[in-house]
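Written out below as structure tokens is the structure these notes cover.
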2 protein chains.
Amino acid sequence: MEERRQQLIGVALELFSSRSPDEVSIDEIATAAGISRPLVYHYFPGKLSLYEAALKRAAEDLADRFVEPREGPLGARLLRVMRRYFDFVDDHGPGFSALLRGGPGVGSSRTNTLIDGVRQAAYVQILTHLDVTNPPARLELVVRSWISLVESAALIWLEGRRIPREELETKLVHDFASLMTVSAAYDKEMAAILRRMVSDETIADDQGYASNFR
Amino acid sequence: MEERRQQLIGVALELFSSRSPDEVSIDEIATAAGISRPLVYHYFPGKLSLYEAALKRAAEDLADRFVEPREGPLGARLLRVMRRYFDFVDDHGPGFSALLRGGPGVGSSRTNTLIDGVRQAAYVQILTHLDVTNPPARLELVVRSWISLVESAALIWLEGRRIPREELETKLVHDFASLMTVSAAYDKEMAAILRRMVSDETIADDQGYASNFR
């Protein structure tokens with residue numbers, strides 16, 4: 001039973017990822033899963049509930065992509081995260097756009113909670129890597145607004161993929177460093193965090209960091 | 001008739017701005033406008049339609065704040081825009097947050113169209129000031145993702161106003177310059193646009209720009 005339910009979520013996620021959720025019907029999900037329409041309704045009361053289950057799985061997957069071993073230079077860690085993030089964006093393009101641009105169920109408190117959960121997971125991971133437990137307001141602002149920047153860059157990229165994906169991934173890592181640098185110009189605490197961040201990069205340079213990073 | 005309708009929209013906008021739209025009732029709007037509840041319904045079929053009318057007025061107001069004479073250094077122009085933008089955010093805080101975080105009517109195609117209209121107006125204004133008519137993909141990415149950065153910074157700022165507003169306004173102008181600079185590192189066309197942007201700043205320095213800008 002649970003296995004069949006999980007399989008159904010997987011099939012639904014694939015369909016919801018490849019087109020806007022509006023355009024996917026329960027009939028189509030049933031056909032793709034090789035089961036009858038009534039059996040779909042046995043597991044889920046309606047399309048919204050199946051959509052939310054698929055979204056929950058996608059959100060967990062996306063949040064996991066921000067988890068990275070605390071080893072090596074910070075820039076290279078963040079670049080690996082960006083690669084995994086854009087793998088996801090690439091695989092789930094239409095669904096990702098529909099969700100973040102406001103599709104069905106958006107504005108419902110449950111979908112918003114899932115989206116916020118991913119953002120929060122990303123935020124917590126970045127703080128962990130920066131070795132900060134009590135983030136000052138300026139750091140919170142930089143990290144959280146950079147996460148928005150990444151989301152919007154992904155949405156714009158999906159519109160026509162007019163920029164090479166690898167360039168965009170690297171650019172977003174550099175954007176993070178540059179937003180940190182601007183903030184450090186206003187505040188000693190931010191300057192100290194930035195110095196620690198950059199000192200890691202210097203050590204890394206001796207380990208062939210430049211070639212990994214570019 | 002039209003005057004009464006406009007006055008009603010103004011009253012509704014004030015109420016929708018000061019609290020989450022969920023928390024504002026038609027009765028309260030009627031009382032604040034000094035008219036009867038049936039008369040509100042004479043002008044608007046329901047709360048959503050009144051909310052959308054208020055939102056439309058707010059969107060026009062916000063879009064207008066990006067209009068700036070094409071005179072003087074670009075950084076100072078953008079800083080004046082940020083000041084007006086944050087005046088708006090300051091005045092409409094709870095409504096601004098509720099709308100962009102997903103409140104009632106969000107996900108409806110009409111409210112999304114209004115929000116997108118403001119973003120598009122901001123984008124077009126910035127291109128005009130950069131003297132660019134056919135934006136390359138990388139410029140589109142920087143400008144549009146910076147607009148998202150500003151929105152998210154405003155939302156984060158509203159949570160607790162833990163950073164001085166003036167500092168944040170200046171920081172966002174510097175963020176724009178720094179995101180442009182990162183992008184220029186990847187692309188000759190972006191480097192040329194950046195050089196033109198920066199050359200304006202140099203001229204401006206002689207005109208006492210530094211004191212305006214900080």
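In what follows, chains are A, B, ... by sequence order, proteins preceding strands, each numbered from 1.
When all heavy atoms of A/A154 and A/F96 are compared, the closest pair comes out as CB-CE2, 3.9 Å.
Of the possible donor and acceptor atoms, one in the side chain of A/R84 sits under 3.5 Å from a partner among the backbone N and O of A/R65. A side-chain donor-acceptor contact under 3.5 Å links A/S152 to the backbone of A/L149.
A/F176 CZ to A/L79 CG: the interatomic distance, rounded to the nearest 0.5 Å, is 13.5 Å.
Counting only residues at least two apart or in different chains, ring-ring contact (aromatic ring centres under 6.0 Å, His included) contacts with residues 53-84 of chain A comprise A/F66-A/Y85.
One finds no salt bridge joining B/R83 and B/D87 here, because no Lys/Arg side-chain nitrogen approaches an Asp/Glu carboxylate oxygen to under 4.0 Å.
With a 4.5 Å cut-off on non-hydrogen atoms, A/I147 does not touch chain B at all. Proximity to chain A is absent for every atom of B/E151, based on heavy atoms less than 4.5 angstrom apart. Neither the backbone nor the side chain of B/L155 comes within less than 4.5 Å of any heavy atom of chain A.
Within residues 131-143 of chain B, the residues approaching chain A closer than 4.5 Å by heavy atoms are, in numerical order, B/A137, B/R138, B/E140, B/L141, B/V142.
Side-chain contact, A/R70 with A/H129: no donor N or O sits under 3.5 Å from an acceptor N or O.
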